[in-house]
Amino acid sequence: MKSPPFSSFMHEIYNYLKNNEPWNNLHQEMSIVIIGAGFAGASCAWWLARLGAKDVTVIEREEMPGLHASGLNAGFARRFEEDEKVAPLASEGVDFITNPPRGFVDGPIIEHKGSLLLNAPKNIIGPHHKIISKKVASKMVPPLESAQFKETLWTPTDGIVDIHKYLWAFINGAKANGVRFLTSCNIVKFNVIARAPARSNPRREIASLTLAMTGKTFEINSNIIVNASGAWLQEIATLAGSEDLLIKPFRRHLFSTPPMKEADSNWPFVWDVKNQFYFRPESGGLLLGACDEDEVRPGAPLVDPKIKELLAEKLLKYCPAISNVSIAREWCGCRTFAPDKRPVIRFDKKTKNLFWLGALGGRGMTCASSAGRMAAEMIMKRTRSW
Ligand SMILES: Cc1cc2nc3c(=O)[nH]c(=O)nc-3n(C[C@H](O)[C@H](O)[C@H](O)COP(=O)(O)OP(=O)(O)OC[C@H]3O[C@@H](n4cnc5c(N)ncnc54)[C@H](O)[C@@H]3O)c2cc1C
């Protein structure tokens, strides 16, 4: 069959739908079921397969993976962090993206344009960065002459990731190693049932799930359920009678401009931490954000027109040289946080066979590989909790 003339992302979707696992191939006993095919679930599946796990199934409610945070984010891979526990995850994540294992993906997935962090807090952690003056930074990105800062953190090893290529590399790699992906598949019931331990399965408790797809339901049993459902983490936990970790989704908007002659595609990612806005080159123009963070219900949030006004106000005040950009497209998605803003990567304390993998906040793409590795190792009993 001739390849369709699609972009590489559309090509992945075309192949995915063409080769999707038929629903009627399901069998009733599964070792590990992962809920959610975003960066968290896809990376965990890839690592589990790499560590030799057999019989792993990923369940995704949407028609295809990556329709929520994992396909809507700003693609910024950064090493710096304020939290000492998360900093190694970010660094490991960028290392993986920079030098993925052989065969993971064709060609690079990151462009190392670097990052400029204006008005950064003093306690920032991360290798490879240095402090540069406003004069030097403005030579790199001329509009910064109009911005309010004295010096900035320059991290040349940060970069912009092709997020779709990265996500699909996990999915395709996991599939090639036997992981099943079931899309348009939702969980309607989650029970924990006890049964006599068998030699092949020493666990006493197993999870019994009722899955639904276009009106049909199917019962399956599984030893381990990985909750990688992003904004829906707490909803799945409620369904499973698990802990309430007070994990909540917060909406964030992004904006892109049409191509503009003032924008240089070699500019780094610029983030003013104090005044809360960022921008970077995108398709000949700019991608911008006002760092909004409103709590929302899990789901696909609606665009709030007020955020575009907020962005315009911030640019006018803090970086007037780019305040007259026109906006061609705007969208938003959920960034999901636990109260301490740290990822949750561990078994549930009440529902013993439920594993939490999420609350990745604003760096879930950056930390995808490290969080997925850690989860897979803990599930395979190779490391203790982090
Ligand atoms: C606007 C924006 C900008 C961002 N910018 C960056 C950035 O620059 N750099 C960075 O590193 N990170 C960034 N992030 C954060 C990053 O995108 C997320 O942390 C990451 O994508 C979370 O991945 P996830 O797999 O946990 O969640 P998701 O991508 O939301 O995936 C969860 C999946 O679970 C599925 N699901 C939910 N419930 C069920 C169910 N009952 N049954 C089956 N499937 C279910 C959903 O359909 C979804 O596909 C940004 C996020 C947003 C929204």
Side-chain angles (χ1 to χ4, degrees), residues 69 72-82 113-122 124 126 129 131-134 136-138 140-155 158-161 163 250-258 260 262-296 301 303-335 337 341 361-366:
L72 298 171
N73 65 72
F76 177 35
R78 57 176 161 117
R79 291 175 187 273
F80 58 80
E81 260 298 333
E82 283 172 71
K113 296 180 177 182
S115 70
L116 288 171
L117 204 61
L118 319 186
N119 300 308
K122 293 270 176 278
I124 218 95
H129 65 239
I131 298 199
I132 61 171
S133 67
K134 179 170 180 178
V136 175
S138 303
M140 282 184 206
V141 185
L144 289 182
E145 263 175 51
S146 70
Q148 299 177 3
F149 66 104
K150 287 202 181 89
E151 46 188 26
T152 166
L153 219 62
W154 163 237
T155 310
D158 285 347
I160 307 302
V161 173
I163 55 171
F250 293 82
R251 183 181 55 187
R252 165 128 325 163
H253 289 72
L254 290 174
F255 303 86
S256 66
T257 71
M260 42 192 264
E262 309 88 311
D264 182 338
S265 62
N266 292 315
W267 283 352
F269 194 104
V270 177
W271 183 0
D272 185 332
V273 182
K274 186 169 129 217
N275 300 313
Q276 291 288 291
F277 71 91
Y278 54 64
F279 66 91
R280 68 159 172 87
E282 167 75 23
S283 309
L286 293 178
L287 181 134
L288 308 108
C291 300
D292 53 305
E293 200 164 283
D294 292 314
E295 190 181 327
V296 287
V303 165
D304 179 349
K306 286 202 201 82
I307 306 299
K308 190 153 92 176
E309 290 167 24
L310 176 70
L311 177 68
E313 276 166 30
K314 286 189 175 186
L315 293 179
L316 192 61
K317 200 161 166 194
Y318 303 120
C319 194
I322 53 164
S323 62
N324 59 355
V325 294
S326 60
I327 299 300
R329 208 164 79 81
E330 55 196 297
W331 66 96
C332 60
C334 288
R335 303 179 328 139
F337 293 93
K341 303 243 164 166
R363 62 312 228 202
M365 185 279 300
T366 304

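Below, each value reflects all heavy atoms present in this structure, side chains not excepted, and no hydrogens, waters or symmetry copies.
- By the side-chain contact (heavy atoms from CB on, under 4.5 Å) test, Asp264 pairs with Asn266, Trp267, sequence neighbours left out.
- At least one side-chain heavy atom of Ile160 sits less than 4.5 Å from a side-chain heavy atom of Phe269.
- Not one N or O on the side chain of Trp331 forms a donor-acceptor pair closer than 3.5 Å with the backbone of Leu254.
- Listed by first and then second residue, the salt bridge (Lys or Arg N to Asp or Glu O under 4.0 Å) pairs involving residues 313-324 amount to none (not counting sequence neighbours).
- In this structure, SG in Cys332 is found 8.5 Å from CZ in Phe255, a value given to the nearest 0.5 Å.
- In this structure Glu330 satisfies the salt bridge (charged side-chain N to carboxylate O under 4.0 Å, His left out) test together with Lys308, sequence neighbours excluded.
- Scanning all heavy atoms of the two residues, the minimum distance from Asp158 to Ser115 falls at OD2-OG, 2.7 Å.
- Note: Ser323 OG to Leu316 CG = 5.0 Å, rounded to the nearest 0.5 Å.
- A pairwise comparison of heavy atoms in Ile132 and Trp154 identifies CD1-CB, 3.8 Å as the closest pair.
- Between Glu82 and Pro121 there is a side-chain heavy-atom pair separated by less than 4.5 Å.
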With salt bridge (charged side-chain N to carboxylate O under 4.0 Å, His left out) as the criterion, how do Arg252 and Glu293 come out once you've worked through the C-alpha distance, each side chain's angles and the decisive distance to 0.1 Å?
CA-CA 6 Å; Arg252 165 128 325 163; Glu293 200 164 283; 3.6 Å; yes
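- When every heavy atom of Cys319 is checked against every heavy atom of Ser146, the shortest pair comes out as C-OG, 3.5 Å.
- For the residue pair Gly333 and Leu72, the shortest heavy atom distance occurs at CA-CD1, 4.0 Å.
- Looking at Leu118 and Val270, their side chains come closer than 4.5 Å, going by heavy atoms from C-beta outward.
- For Thr152 (side chain) and Leu117 (main-chain N/O), a donor-acceptor pair under 3.5 Å exists by modelled atom type.
- The side-chain contact (heavy atoms from CB on, under 4.5 Å) test applied to Arg363 returns Arg78, Glu81, Val86, Pro343, Thr366, Cys367, not counting sequence neighbours.
- Arg251 is linked by a salt bridge (charged side-chain N to carboxylate O under 4.0 Å, His left out) to Asp294, Asp304, counting only residues two or more places apart in sequence or in another chain.
- Distance check, rounded to the nearest 0.5 Å: CD1 of Ile131 to OG of Ser133 gives 11.0 Å.
- When every heavy atom of Leu144 is checked against every heavy atom of Ser138, the shortest pair comes out as C-OG, 3.6 Å.
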Report all side-chain donor-acceptor pairs from residues 273-289 shorter than 3.5 Å, counting only partners two or more places apart or in another chain.
unit_1: Asn275; atom_1: ND2; unit_2: Asp272; atom_2: OD2; d: 2.9
unit_1: Gln276; atom_1: NE2; unit_2: Val273; atom_2: O; d: 2.7
unit_1: Arg280; atom_1: NE; unit_2: Ala74; atom_2: O; d: 2.9
unit_1: Arg280; atom_1: NH1; unit_2: Glu282; atom_2: OE1; d: 2.8
unit_1: Arg280; atom_1: NH2; unit_2: Ala74; atom_2: O; d: 2.8
unit_1: Arg280; atom_1: NH2; unit_2: Glu282; atom_2: OE1; d: 3.4

Can you check side-chain contact (heavy atoms from CB on, under 4.5 Å) on Trp271 and Phe80, steps first, answer last?
CA-CA 12 Å; Trp271 183 0; Phe80 58 80; 3.9 Å; yes
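- If you take CD1 on Ile322 and OG1 on Thr257, they are separated by 9.5 Å, rounding to the nearest 0.5 Å.
- What you find for Gly361 and Arg335 is that their closest heavy atoms are O-CB, 3.8 Å.
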